[in-house]
Amino acid sequence: MTYLLGLTGGIASGKSTVSRTFKAAGFPVVDADVIARQIVEPGQPVLARIAQAFGPEVLRADGSLDRAKLAEIVFSQPGRMAALNQINRPYLREAISQALAQAKAGGAAIVVGDIPLLYEADYADDFDGVAVVSVDPNIQLSRLMARDGLSQADAEARIQSQMPLAQKAALADFVIDNNGTQEATIAQANALIHRLQRLS
Ligand SMILES: CC(C)(COP(=O)(O)OP(=O)(O)OC[C@H]1O[C@@H](n2cnc3c(N)ncnc32)[C@H](O)[C@@H]1O)[C@@H](O)C(=O)NCCC(=O)NCCS
Ligand SMILES: Nc1ncnc2c1ncn2[C@@H]1O[C@H](COP(=O)(O)OP(=O)(O)OP(=O)(O)O)[C@@H](O)[C@H]1O
């Protein structure tokens with residue numbers, strides 16, 4: 001039996017370290033951010049609907065999505081974010097559930113769905129259990145600013161567009177604390193793998 005694990009957290013909370021650890025141990029990981037990029041490639045219906053709703057200024061000269069421009073709009077205006085979510089979510093859900101089913105058919109003991117908005121978009125019931133990567137707010141803010149070169153105000157707006165991380169941790173079946181070193185986080189992820197292997 002495959003154990004289907006949902007992996008989530010906040011923006012820049014450290015999900016990548018955990019998903020890399022599962023991949024390194026040989027388990028398939030379905031990455032919602034990658035799928036979210038695929039569904040807005042030129043020629044895809046979602047891109048046309050985004051252009052219709054947000055105007056041609058969110059497209060580059062070559063017709064591809066100007067992600068920085070769209071991010072600037074949606075992370076500063078919750079109403080516009082809600083409009084983007086309304087367009088994207090049905091397509092994302094379909095593509096994510098197809099990718100998870102395909103990964104599960106491979107027969108691995110654990111399959112991971114790395115979904116940043118797992119709780120916000122109501123995916124928890126699709127999984128056998130959910131792991132949240134947690135980090136203190138001040139560390140999350142400084143890592144996000146450093147990684148994406150954002151001002152404090154822009155980084156705070158992105159964090160605030162999501163469910164508070166403490167609330168996600170309270171809902172989770174497993175919590176991985178990423179306040180320490182990456183090595184400490186990898187050790188927690190490996191301990192979780194051993195625990196799930198006993199359950200699967
Ligand atoms: C707004 C966009 C253009 C910004 O693109 P950008 O390249 O700067 O960021 P990227 O896609 O790598 O996402 C980075 C992080 O932002 C956060 N984030 C992305 N979308 C959202 C959203 N709709 N609401 C809250 N947080 C979000 C997530 O934590 C994600 O890991 C892009 O994130 C997007 O199209 N989002 C809508 C699709 C979506 O819901 N993706 C999340 C999959 S669960
Ligand atoms: N334990 C750690 N110590 C120091 N830096 C870290 C640690 N964990 C992550 N980072 C750094 O913090 C940033 C955010 O981490 P990461 O990209 O893994 O988060 P994420 O949850 O996958 O983000 P997103 O959902 O936004 O894609 C990265 O630049 C990463 O190198």
Side-chain angles (χ1 to χ4, degrees), residues 6-23 29-41 44 46-47 49-51 53-54 57-60 64-97 99-100 112-124 126 130-136 138-150 154-165 168 176-189:
L7 174 65
T8 193
I11 187 166
S13 70
K15 291 180 299 297
S16 311
T17 307
V18 175
S19 76
R20 263 200 310 275
T21 309
F22 276 83
K23 281 184 206 154
V29 176
V30 169
D31 185 329
D33 279 341
V34 171
I35 292 177
R37 279 168 194 265
Q38 289 166 349
I39 66 165
V40 294
E41 274 168 12
Q44 296 292 326
V46 183
L47 183 58
R49 294 198 51 196
I50 290 173
F54 288 86
E57 66 270 24
V58 299
L59 296 181
R60 295 182 184 280
S64 64
L65 181 65
D66 187 336
R67 304 181 67 82
K69 185 75 203 168
L70 184 59
E72 200 182 296
I73 298 169
V74 296
F75 286 115
S76 63
Q77 300 174 60
R80 305 303 283 150
M81 177 61 96
L84 176 64
N85 287 339
Q86 210 179 350
I87 295 171
N88 269 322
R89 280 199 184 157
Y91 293 91
L92 257 177
R93 179 170 286 281
E94 177 62 25
I96 289 171
S97 94
L100 285 171
V112 180
D114 177 348
I115 307 183
L117 304 177
L118 184 142
Y119 287 118
E120 291 90 334
D122 244 350
Y123 284 91
D126 299 351
V130 175
V132 164
V133 184
S134 183
V135 72
D136 291 347
N138 58 329
I139 298 183
Q140 181 184 21
L141 180 66
S142 60
R143 285 182 186 161
L144 176 57
M145 288 170 66
R147 187 193 65 183
D148 291 353
L150 294 175
D154 285 350
E156 281 170 346
R158 291 191 183 210
I159 290 170
Q160 272 153 25
S161 73
Q162 302 186 341
M163 181 190 290
L165 198 36
K168 294 186 182 182
I176 293 176
D177 178 335
N178 187 34
N179 286 306
T181 62
Q182 278 182 328
E183 290 67 29
T185 298
I186 292 167
Q188 292 173 71

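Because only heavy atoms are used, hydrogens play no part in the values below, and waters and symmetry mates are left out as well, while side chains stay in. Start at 1 and go down the list; that is how both ligands and their atoms are numbered.
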In the protein, what heavy atom is nearest to atom 2 (C) of ligand 2, and what distance, to one decimal place, separates them?
-> Arg143 NH2, 3.2 Å

Heavy-atom nearest option to atom 29 (O) of ligand 2, drawn from Glu183, Lys15, Arg147 = Arg147

Is it true that a side-chain atom of Lys69 and a backbone atom of Val58 form a donor plus acceptor pair closer than 3.5 Å?
-> no

Does the N or O separation between Arg147 and ligand 1 drop below 3.5 Å for any pair?
-> no

Modelled atom types, side-chain donor and acceptor of Asp136 and Asn138, under 3.5 Å = no

Do you know the tightest heavy-atom contact between Val46 and Ile39?
-> CB-O, 3.3 Å

May I ask you to list the atoms of ligand 2 that are less than 4.0 angstrom from any heavy atom of Gly10?
-> 21 (O)

Name the closest protein heavy atom to atom 19 (O) of ligand 2, giving the residue it belongs to and the distance to 0.1 Å.
-> Gly14 N, 3.1 Å

Would you mind running through ligand 1 and noting each atom that sits below 4.0 Å from a heavy atom of Pro116?
-> 28 (C), 29 (O), 31 (O), 44 (S)

Any side-chain heavy atom of Leu47 sitting closer than 4.5 Å to one from Leu59?
-> yes

Of all heavy-atom pairs linking Tyr119 and Thr8, the shortest is CE1-CG2, 3.9 Å

What protein heavy atom sits nearest atom 31 (O) of ligand 2, and how far away is it?
-> Gln182 NE2, 3.9 Å

Decide whether an N or O pair under 3.5 Å exists between Asn88 and ligand 1.
-> no

Polar contact flag for Ile11 and ligand 2 (N/O pairs, less than 3.5 Å) | no

Heavy atom of the protein closest to atom 16 (P) of ligand 2 (residue, atom name, distance) | Ser16 OG, 3.7 Å

Quick note, side-chain hydrogen bond (donor to acceptor under 3.5 Å, both in side chains) partners involving residues 81-97, not counting sequence neighbours, are Arg93-Asp126, Glu94-Gln98

Taking only non-hydrogen atoms of Ala12 and a 4.0 Å limit, the atoms of ligand 2 in range are 14 (C), 19 (O), 20 (P), 21 (O), 23 (O), 24 (P), 25 (O), 26 (O)

Shortest heavy-atom approach to atom 8 (O) of ligand 1 - which of Arg89, Arg37, Glu120, Arg158 | Arg158

Run down the list Arg93, Arg67, Met81 and name the one with the heavy atom closest to atom 32 (C) of ligand 1.
-> Arg67

Selected option - heavy-atom contact closest to atom 21 (C) of ligand 1, from Leu117, Val74, Leu144, Leu65 | Leu117

Nearest non-hydrogen protein atom to atom 8 (N) of ligand 2, with distance, is Asn178 ND2, 3.0 Å

